[in-house]
K.L.:
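Have a look at the structure that comes next, please.
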Amino acid sequence: MSTRIPFLKGHGTENDFVIVPDPENAIDLPPAAVAVLCDRRAGIGGDGLLHVVRSAAHPEARHMAPEAEWFMDYRNGDGSIAEMCGNGVRVFARYLQRAGHVAEGDLAVATRGGVKTVHLAKDGDVTVGMGKALLPEGDVTVSVGERSWPARNVNMGNPHAVAFVDDLSHAGDLLSPPLFSPAAAYPDGVNVEFVVDRGPGHVALRVHERGSGETRSCGTGACAVAVATARRDGADPTATGTPATYTVDVPGGTLVITERPDGEIEMTGPAVIVAEGEIDAEWLATATRA
């Protein structure tokens, strides 16, 4: 490993990421190293880490290489692996554009949740084809303190529990994962969204992301919320043939989510690169051993 490791910092609606370009998958990033890099006091700081690797160079992505040159090897802030991150995909695409690997227009990005289609618009927004939502059957309940709510189970390549509440403050501080039941509904943990109405086709959320705590935004969470809200409102584009679009306010900004009649979900929002520099590999190795 080189003594200096290039990195960038970026965010999508203030869901922020450490970006580590590593086209040939030559950098070892065990969970402890990721957690140190994402530490907001002892490291660079971020909700997660985007490891940028060519699909052909990563054993989990080689089968997707014919469709997508680049693989988003995404890690949560605690170092654990996640299937997908919607805001992360937008920032990942923005990095590829900045580095000269892609231009404005369409591209494909490989993720553990499958190949995602991305459009880099001239106005700076990025649209991601997030795939179709799965709606597992069965009742789910989430709880914070003495309050409990029924929740909609939505899977966007990663699991979500969407609860409609009267006030976003009822979610508490979200430092610890909200309790949920039954345990069998989410054997690997869950992202929990608390949602209030802002007006027709307009909602706001707070979210606890598993492995990261409360974040300023969650792209897959915004998609899950839009789908859950549509079903609550009696809208199912696959049945009616009419797209359903929701504006979703997150603490860090606004996303626009559209569920199309074919079931595909599109998410549009900003993606910004704010800094770049170098990581001291010796410091990282020492901090990881600590």
Side-chain angles (χ1 to χ4, degrees), residues 10-13 15-20 29 31 34 38 46-53 55 58-61 63-65 67-96 107-119 126-136 152-162 186-193 205 207-213 215-228 248 250 252 255 257-259 263-269 271:
H11 77 90
T13 51
N15 193 187
D16 61 336
F17 309 96
V18 179
I19 306 163
V20 179
L29 287 171
V34 173
C38 291
D47 293 321
L49 184 143
L50 305 175
H51 185 205
V52 184
V53 184
S55 298
H58 199 288
E60 293 183 64
H63 67 286
M64 293 182 278
E67 297 179 71
E69 180 180 1
W70 295 96
F71 173 54
M72 184 181 76
D73 176 16
Y74 180 70
R75 318 291 183 86
N76 293 316
D78 66 354
S80 60
I81 288 173
E83 301 91 339
M84 243 296 285
C85 175
N87 288 316
V89 173
R90 296 203 319 280
V91 175
F92 188 93
R94 177 69 74 223
Y95 162 74
L96 293 178
L107 69 144
V109 175
T111 77
R112 290 184 177 85
V115 175
K116 305 301 178 184
T117 57
V118 180
H119 180 78
V126 183
T127 297
V128 180
M130 299 290 286
K132 299 179 180 180
L134 299 177
L135 300 171
R152 188 71 190 245
N153 189 346
V154 183
N155 193 293
M156 287 297 309
N158 57 357
H160 296 268
V162 180
Y186 303 109
D188 298 316
V190 64
N191 305 287
V192 183
E193 287 79 28
L205 68 80
V207 57
H208 182 281
E209 290 194 61
R210 53 176 187 168
S212 298
T215 59
R216 301 284 293 169
S217 179
C218 177
T220 56
C223 294
V225 164
V227 171
V248 181
V250 297
L255 297 167
I257 312 298
T258 297
E259 185 179 10
E264 293 290 327
I265 297 169
E266 294 179 338
M267 173 187 62
T268 299

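What's counted below: heavy atoms across the whole structure, side chains too, no hydrogens, waters or symmetry copies.
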K.L.:
Do you know which of V53, V52, V89 makes side-chain contact (heavy atoms from CB on, under 4.5 Å) with M72?
P.N.:
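Result: among V53, V52, V89, V89 is the only option passing the side-chain contact (heavy atoms from CB on, under 4.5 Å) with M72.
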
K.L.:
Between L96 and L107, is there a side-chain heavy-atom distance shorter than 4.5 Å?
P.N.:
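They are in contact (side-chain heavy atoms under 4.5 Å apart), so the answer is yes.
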
K.L.:
Excluding sequence neighbours, so at least two apart, what forms side-chain contact (heavy atoms from CB on, under 4.5 Å) with A108?
P.N.:
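In terms of side-chain contact (heavy atoms from CB on, under 4.5 Å), with neighbours along the sequence ignored, A108 is linked to A68, V115.
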
K.L.:
Please test V20 against L50 for side-chain contact (heavy atoms from CB on, under 4.5 Å), starting from the C-alpha separation and ending with a verdict.
P.N.:
CA-CA 6 Å; V20 179; L50 305 175; over 6 Å; no

K.L.:
T215: which residues meet the side chain to side chain donor-acceptor pair (under 3.5 Å) condition with it, sequence neighbours left out?
P.N.:
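Residues passing side chain to side chain donor-acceptor pair (under 3.5 Å) with T215: E209.
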
K.L.:
Under the side-chain contact (heavy atoms from CB on, under 4.5 Å) test, which residues partner P59, sequence neighbours left out?
P.N.:
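Listed in chain order: N25, R62.
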
K.L.:
What closest approach, in Å, do V190 and P159 show between heavy atoms, and which atom pair accounts for it?
P.N.:
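Minimum heavy-atom separation between V190 and P159: CG2-O, 3.6 Å.
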
K.L.:
What residues form a salt bridge (charged side-chain N to carboxylate O under 4.0 Å, His left out) with R94, not counting sequence neighbours?
P.N.:
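By the salt bridge (charged side-chain N to carboxylate O under 4.0 Å, His left out) rule, R94 matches no residue at all.
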
K.L.:
Identify the heavy atoms of G113 and M84 that sit nearest to each other, and give their distance.
P.N.:
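Looking at all heavy atoms of both residues, the closest pair is CA-CG, 4.1 Å.
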
K.L.:
If you take all heavy atoms of S55 and A65, which pair is closest and at what distance?
P.N.:
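Where S55 meets A65 most closely, the heavy atoms are CB-CA, 3.8 Å.
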
K.L.:
I'd like to know if the side chain of D47 and the backbone of N15 have a donor-acceptor N/O pair within less than 3.5 Å.
P.N.:
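A pair under 3.5 Å: no.
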
K.L.:
Looking at L29, is its backbone amide N or carbonyl O close enough to the side chain of R75 to form a donor-acceptor pair, meaning the two atoms are under 3.5 Å apart?
P.N.:
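Present.
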
K.L.:
Determine, stepwise, if the pair C223 / V227 fulfils side-chain contact (heavy atoms from CB on, under 4.5 Å).
P.N.:
CA-CA 6 Å; C223 294; V227 171; 5.6 Å; no

K.L.:
Return the minimal non-hydrogen interatomic distance between E193 and G221, and the atom names on each side.
P.N.:
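Nearest heavy atoms, E193 then G221: OE2-CA, 3.3 Å.
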
K.L.:
So, for R90 and N87, which heavy atoms are closest and what is the spacing to 0.1 Å?
P.N.:
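Taking R90 first and N87 second, the nearest heavy atoms are NH1-OD1, 2.7 Å.
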
K.L.:
Restricting to non-hydrogen atoms, name the atom on S217 and the atom on V207 that form the minimum distance, rounded to 0.1 Å.
P.N.:
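Taking every non-hydrogen atom into account, C-CG1, 4.5 Å.
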
K.L.:
Rounded to the nearest 0.5 Å, how far does CG of D16 lie from NE2 of H11?
P.N.:
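It is 8.0 Å, given to the nearest 0.5 Å.
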
K.L.:
Is there side-chain contact between C218 and T220, with at least one heavy-atom pair below 4.5 Å?
P.N.:
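C218 reaches T220 side chain to side chain.
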
K.L.:
What pairs with E259 under salt bridge (charged side-chain N to carboxylate O under 4.0 Å, His left out), at least two apart in sequence or on another chain?
P.N.:
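E259: salt bridge (charged side-chain N to carboxylate O under 4.0 Å, His left out) contacts with R231.
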
K.L.:
Report the residues that fulfil side-chain contact (heavy atoms from CB on, under 4.5 Å) with A224, sequence neighbours left out, ordered by chain and then residue number.
P.N.:
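By the side-chain contact (heavy atoms from CB on, under 4.5 Å) rule, A224 matches V154, M156, H160, V162.
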
K.L.:
Excluding sequence neighbours, so at least two apart, what forms salt bridge (charged side-chain N to carboxylate O under 4.0 Å, His left out) with E83?
P.N.:
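With sequence neighbours excluded, E83 shows a salt bridge (charged side-chain N to carboxylate O under 4.0 Å, His left out) to R210, given in chain and number order.
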
K.L.:
Tell me, please, which residues at least two apart from N76 pass side-chain contact (heavy atoms from CB on, under 4.5 Å).
P.N.:
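side-chain contact (heavy atoms from CB on, under 4.5 Å) check on N76 returns Y74, D78, S80, A82, S212.
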
K.L.:
Step by step, would you call N153 with L135 a side-chain contact (heavy atoms from CB on, under 4.5 Å)?
P.N.:
CA-CA 6 Å; N153 189 346; L135 300 171; over 6 Å; no

K.L.:
Return the set of residues passing ring-ring contact (aromatic ring centres under 6.0 Å, His included) with F71 (not counting sequence neighbours), or none when no residue passes.
P.N.:
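H58.
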
K.L.:
Residues two or more places apart in sequence or in another chain: which of them pass side chain to side chain donor-acceptor pair (under 3.5 Å) with T117?
P.N.:
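Not a single residue meets the side chain to side chain donor-acceptor pair (under 3.5 Å) criterion with T117.
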
K.L.:
Stepwise, does the side-chain contact (heavy atoms from CB on, under 4.5 Å) test hold for C38 with F17?
P.N.:
CA-CA 8 Å; C38 291; F17 309 96; over 6 Å; no

K.L.:
What residues form a salt bridge (charged side-chain N to carboxylate O under 4.0 Å, His left out) with E266, not counting sequence neighbours?
P.N.:
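Checked E266 against salt bridge (charged side-chain N to carboxylate O under 4.0 Å, His left out); matches are R260.
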
K.L.:
Taking the side chain as C-beta and beyond, is there a heavy-atom pair between T268 and V126 under 4.5 Å?
P.N.:
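The answer is no, as the side chains (C-beta and beyond) never meet within the 4.5 Å cut-off.
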
K.L.:
Which residue pairs pass the salt bridge (charged side-chain N to carboxylate O under 4.0 Å, His left out) test with at least one member in residues 107-116, sequence neighbours excluded?
P.N.:
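Qualifying pairs: E60-R112, D73-R112.
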
K.L.:
State, with a plain yes or no, whether a side-chain heavy atom of V109 is found less than 4.5 Å away from one of F92.
P.N.:
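V109 reaches F92 side chain to side chain.
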
